[in-house]
Amino acid sequence: EVQLVESGGGSAQAGGSLRLSCTVSGFSFDDSDWAWYREAPGNECELVSSISIDGSEYYVDSVKGRFTISQDNAKNTVYLQMNSLQVADTAVYYCAALRPYTVQLGLLGCDEYNYKGHGTQVTVSH
């Protein structure tokens with residue numbers, strides 16, 4: 001059974017930091033690109049960040065310089081380090097497995113995944 005389990009969400013004040021983790025099982029971790037999406041009430045889902053099997057990284061403009069994606073193949077885990085959090089970062093964050101080079105091919109939609117976790121809530125307050 002494929003499982004993607006997110007953790008690390010919670011509440012933070014603006015300017016603070018959180019680190020999200022996504023632990024993967026039942027799936028070939030090394031053969032996938034990995035992504036973090038987010039969805040806030042009233043807003044469309046958006047691709048926040050991704051990391052490809054060749055190490056290429058993508059960040060949506062609103063998080064560039066603040067968020068960092070990484071992966072630990074030995075632990076089958078993907079991380080999203082979120083610094084300088086803003087109220088606008090409040091959302092449910094989802095980890096997802098993508099086909100290789102999905103983002104490089106320009107496929108940025110929230111339905112471009114093979115598997116997705118159940119999400120973790122991030123709430124940033126003033």
Side-chain angles (χ1 to χ4, degrees):
E1 180 186 5
V2 176
Q3 287 191 318
L4 284 70
V5 180
E6 300 99 335
S7 61
S11 299
Q13 290 194 321
S17 298
L18 288 172
R19 188 176 81 155
L20 305 184
S21 300
C22 173
T23 301
V24 180
S25 61
F27 189 69
S28 180
F29 186 85
D30 297 348
D31 296 334
S32 293
D33 288 7
W34 296 95
W36 289 95
Y37 296 96
R38 68 184 177 187
E39 188 166 1
N43 293 342
E44 290 186 1
C45 174
E46 70 174 347
L47 174 62
V48 177
S49 180
S50 70
I51 185 165
S52 180
I53 57 174
D54 66 358
S56 302
E57 298 175 10
Y58 165 88
Y59 298 95
V60 68
D61 285 346
S62 60
V63 307
K64 285 180 180 177
R66 301 189 297 119
F67 289 11
T68 303
I69 192 169
S70 62
Q71 64 184 86
D72 185 333
N73 289 3
K75 295 182 178 180
N76 283 7
T77 301
V78 185
Y79 303 99
L80 186 67
Q81 178 67 44
M82 305 186 296
N83 298 330
S84 302
L85 283 164
Q86 302 172 355
V87 174
D89 295 321
T90 296
V92 177
Y93 286 72
Y94 300 90
C95 170
L98 310 180
R99 293 179 301 279
Y101 307 113
T102 293
V103 173
Q104 287 93 321
L105 292 172
L107 302 174
L108 305 183
C110 285
D111 56 351
E112 298 291 344
Y113 63 87
N114 287 331
Y115 300 100
K116 192 172 78 169
H118 293 294
T120 185
Q121 175 71 46
V122 171
T123 303
V124 184
S125 58
H126 291 291

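Position 1 is the first residue of the sequence; numbering continues from there.
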Are any non-hydrogen side-chain atoms of [X] and [Y] less than 4.5 angstrom apart?
{"X": "E112", "Y": "R99", "result": "yes"}
{"X": "D72", "Y": "Y79", "result": "yes"}
{"X": "Q121", "Y": "T90", "result": "yes"}
{"X": "Y101", "Y": "L107", "result": "no"}
{"X": "F67", "Y": "S49", "result": "no"}
{"X": "C95", "Y": "W36", "result": "yes"}
{"X": "M82", "Y": "T68", "result": "no"}
{"X": "H118", "Y": "V5", "result": "no"}

Could you tell me whether the side chains of T102 and D33 share a donor-acceptor contact shorter than 3.5 Å?
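No - no donor-acceptor pair under 3.5 Å links their side chains.
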
Go through the side-chain N and O atoms of T77 and Q71 and say whether any donor and acceptor fall under 3.5 Å apart.
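Not at all, the side chains of T77 and Q71 share no donor-acceptor pair under 3.5 Å.
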
Atom pair [atom1] ([X]) and [atom2] ([Y]), whose distance is rounded to the nearest 0.5 Å:
{"X": "S62", "Y": "Q86", "atom1": "OG", "atom2": "CD", "result": "7.5 Å"}
{"X": "E46", "Y": "D61", "atom1": "CD", "atom2": "CG", "result": "10.0 Å"}
{"X": "N114", "Y": "S28", "atom1": "CG", "atom2": "OG", "result": "11.0 Å"}
{"X": "K75", "Y": "S21", "atom1": "NZ", "atom2": "OG", "result": "9.0 Å"}
{"X": "L47", "Y": "C110", "atom1": "CG", "atom2": "SG", "result": "7.0 Å"}
{"X": "R66", "Y": "Q81", "atom1": "CZ", "atom2": "CD", "result": "12.0 Å"}

Against the six-membered ring of Y59, is K64 placed for a cation-pi contact (under 6.0 Å from the centre, within 45° of the normal)?
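No, K64 does not sit over the ring of Y59.
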
Can you name the nearest heavy-atom pair linking [X] to [Y], along with the distance?
{"X": "G117", "Y": "Y94", "result": "O-CD2, 3.5 Å"}
{"X": "S17", "Y": "S84", "result": "OG-N, 4.3 Å"}
{"X": "I53", "Y": "D31", "result": "CG2-C, 3.9 Å"}
{"X": "G9", "Y": "L20", "result": "N-CD2, 3.6 Å"}
{"X": "R38", "Y": "A91", "result": "CB-CB, 3.8 Å"}

Show me the pairs that pass salt bridge (Lys or Arg N to Asp or Glu O under 4.0 Å) and involve residues 9-24, at least two apart or across chains.
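Qualifying pairs: none.
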
Would V2 and L98 show up in the same hydrophobic cluster when neighbours are defined by side-chain heavy atoms closer than 4.5 Å?
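Yes: a chain of side-chain contacts under 4.5 Å links V2 to L98.
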
Is there a path of hydrophobic side-chain contacts, each under 4.5 Å between heavy atoms of I, L, V, M, F, W or Y residues, that connects V60 with V122?
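Result: yes, single cluster for both.
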
What about Y37 and Y93, are their ring centers closer than 6.0 Å?
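No, the ring centres sit 6.0 Å or more apart.
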
If you apply the rule side-chain contact (heavy atoms from CB on, under 4.5 Å), what do you find for L18 with L85, and how did you get there?
CA-CA 8 Å; L18 288 172; L85 283 164; 4.0 Å; yes

Worked verdict on E57 versus S50 for side chain to side chain donor-acceptor pair (under 3.5 Å)
CA-CA 6 Å; E57 298 175 10; S50 70; over 6 Å; no

Describe, in one word, how the ring planes of W34 and F29 are oriented to each other, choosing from parallel (under 30°), tilted (30 to 60°) and perpendicular (over 60°).
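Geometry flag for F29 against W34: parallel rings.
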
